[in-house]
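Heavy-atom basis, side chains included; hydrogens, waters and symmetry copies ignored. As the structure lists them, so they are numbered: ligands from 1, and atoms in each ligand from 1.
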Amino acid sequence: MKDFLWWRDGVIYQIYPRSFADSNGDGLGDLAGIISRLDYLADLGIDAIWLSPFYPTPDKDFGYDISDYVEVDPRFGSLADFDRLVAEAHRRGLRIILDLVLNHTSDQHAWFQESRSSRDDPKRDWFIWRDRPNNWQASFGGKAWEYDPSTGQYYLHLFTREQPDVNWRNPEVRKAQLDVFRFWMERGVDGFRLDVFNAYFKHPDLPDNPPKFGVRGFDRQNHIYDIDQPEMMPFLNEMRLLLDSYPERYAVGETYFATPQKTVSYCGPDKLHAAFSFDFTFMEMVFPVFPWNPGWVIKQIIKREVTFNAAGIWPTTVMSNHDLPRAASRYGRGENDSQSFLAMALLLTLRGTPFIYYGEEIGMRDIQLRRSEILDPPGKKYWPLYKGRDGCRSPMQWNDSPLAGFSTAKPWLPVHPNYIRRNVATQQGDPDSLFNFTRKLLALRKEIPALRGGDFIPLETARGVLAFLRQLDGQSVLVALNFGRRTMKFLLPSGSWRMLLISAQGQPGVLSPYEIQILILEG
Ligand code: NOJ
């Protein structure tokens with residue numbers, strides 16, 4: 001493939017390490033487990049793997065509270081295992097992206113332990129300490145300030161109290177954080193996903209946030225002083241210089257409260273390569289309502305197309321991740337996969353880098369937990385209004401053997417009971433499965449440049465159908481999706497169209513219920 005740039009033209013697959021594959025029978029996934037599944041990922045046809053955190057952690061936020069940025073938690077393996085993972089991935093042409101959680105550390109991180117040891121400690125100013133709290137709220141509930149009796153001051157934490165926010169205004173902190181990037185790039189890492197990066201800098205005077213309408217304390221504030229401060233830009237410039245001193249490195253930011261406008265403002269040749277805009281997954285944390293119909297979907301697409309195109313920024317597409325109910329659970333009914341086919345088709349044919357969440361290729365559903373089984377802190381706090389994020393983090397369903405081939409010991413979260421029928425091995429053997437559809441679509445993306453880099457042109461259709469063209473250098477591909485349970489016609493633009501991929505039995509221009517057709521203009 002000419003001019004194939006891995007992070008722009010490729011497909012990124014997110015692995016939540018503790019739930020992917022357990023090699024040593026302790027019920028927790030690990031790096032050796034991931035290595036044992038690299039052939040599966042290469043065969044599926046993805047290009048890069050984003051690893052959610054595997055660093056040492058007391059698990060107050062399941063890995064997003066890190067006590068050492070440059071180590072591997074022994075439960076997941078060792079630095080030697082990590083080096084082997086990078087080498088084995090690269091041998092198969094797969095890139096590795098790490099999750100850097102630099103807005104906050106764990107309260108067990110040596111930096112914070114030193115900082116809290118005395119008001120005179122040289123690292124005191126590495127975190128945000130004040131005599132009196134302002135009105136800021138933690139996004140997982142409660143106040144954003146915790147009193148530390150040993151030194152008589154409060155420290156700031158935008159998430160759990162065990163995740164103190166780092167003081168990015170301190171130049172020594174910034175240097176130490178850049179050293180973290182350097183450490184992993186020297187080990188061969190290809191890119192980074194930056195956790196809530198636009199919260200790194202807070203307003204220097206820490207003023208109260210103004211009020212707004214909302215359900216939880218956190219939502220009842222306008223977050224103008226705790227996120228999106230202008231100092232973010234010079235830091236991104238500095239970070240990009242460092243990344244560009246190594247070949248083909250990449251950074252994608254998790255924009256906290258992203259709008260497309262805000263998202264593009266952080267991207268560019270001297271800033272991030274990309275940032276998530278979560279067009280299809282936006283959810284109010286307390287009342288999770290997810291719209292899903294062609295009218296709504298096309299509105300989201302146009303919104304982001306307009307903003308990203310105008311700014312010349314390459315978008316990303318996300319349907320699922322470790323913070324959200326899975327797309328199959330949001331849109332699907334029972335075990336029926338028709339909505340998962342539609343979501344996968346959109347994910348892999350829209351303009352932008354697709355991110356597949358592990359298990360999405362087999363339509364994994366969220367597990368349902370009783371209150372006593374909930375592990376996730378916001379779930380514990382807000383149950384039953386909001387049940388937290390454990391549901392989408394259950395073990396990967398590899399086959400129909402006990403515990404789904406994930407582990408030989410009781411896993412850290414239960415396996416979904418549907419694993420007997422819904423698993424990789426079964427779907428690999430079924431030509432009509434979501435797995436095989438995904439695999440074919442991934443191969444098609446590789447083969448057809450317009451599906452990767454082509455312009456997006458929406459087509460007029462009947463209600464219930466979504467259709468668009470992707471066009472590049474004279475190549476024209478048409479994607480049509482029937483969101484409804486009635487057979488629908490759509491008008492093929494003039495010319496001779498050849499079917500590239502079809503999810504059901506229809507003929508060109510006639511979509512049976514929930515059918516997807518991808519056609520190419522010939523001649
Ligand atoms: C965003 C991550 O995606 C989420 O899982 C985590 O809990 C918070 N940031 C805090 O790190």
| query | Non-hydrogen atoms of Arg193 versus ligand 1: any pair closer than 4.0 Å? | reply |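 Distance cut 4.0 Å: Arg193 passes for ligand 1.
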| Is the shortest distance from a heavy atom of Phe62 to ligand 1 less than 4.0 Å? |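 In this structure, Phe62 fails to qualify as a contact of ligand 1 - no heavy atom is under 4.0 Å.
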If you count the atoms of ligand 1 from 1 in the order shown, which ones are under 4.0 Å from a heavy atom of [X]?
X	result
His104	10 (C), 11 (O)
Phe140	7 (O)
Arg389	4 (C), 5 (O), 6 (C), 7 (O)

How far is [atom] from the closest protein heavy atom, and which atom is that?
atom	result
atom 1 (C) of ligand 1	Asp195 OD1, 2.9 Å
atom 7 (O) of ligand 1	Asp61 OD2, 2.6 Å
atom 3 (O) of ligand 1	Asp323 OD2, 2.5 Å

| Which class fits the ring pair Phe276 and Phe355: parallel under 30°, tilted 30 to 60°, perpendicular over 60°? |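 Correct class here is perpendicular.
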| query | Is there side-chain contact between Arg240 and His273, with at least one heavy-atom pair below 4.5 Å? | reply |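 Arg240 reaches His273 side chain to side chain.
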| For residues Tyr69 and Asp179, is any side-chain donor paired with an opposing acceptor at under 3.5 Å? |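 Per modelled atom types, Tyr69 and Asp179 side chains form no pair under 3.5 Å.
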| field | Tyr419, Phe435, Phe20 screened by ring-ring contact (aromatic ring centres under 6.0 Å, His included) with Trp398, the one that passes | value |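 Exactly one candidate clears the test, Phe20.
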| said: Which residue in the set Trp136, Phe62, Tyr256, Phe218 passes ring-ring contact (aromatic ring centres under 6.0 Å, His included) when paired with Phe159? | reply: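 Checked Trp136, Phe62, Tyr256, Phe218 against Phe159; only one passes ring-ring contact (aromatic ring centres under 6.0 Å, His included): Tyr256.
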| message | Could you check, using the six-membered ring where one of them is a Trp, whether His109 and Phe127 have ring centers closer than 6.0 angstrom? | response |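 No, the ring of His109 stays outside the 6.0 Å limit from the ring of Phe127, centre to centre.
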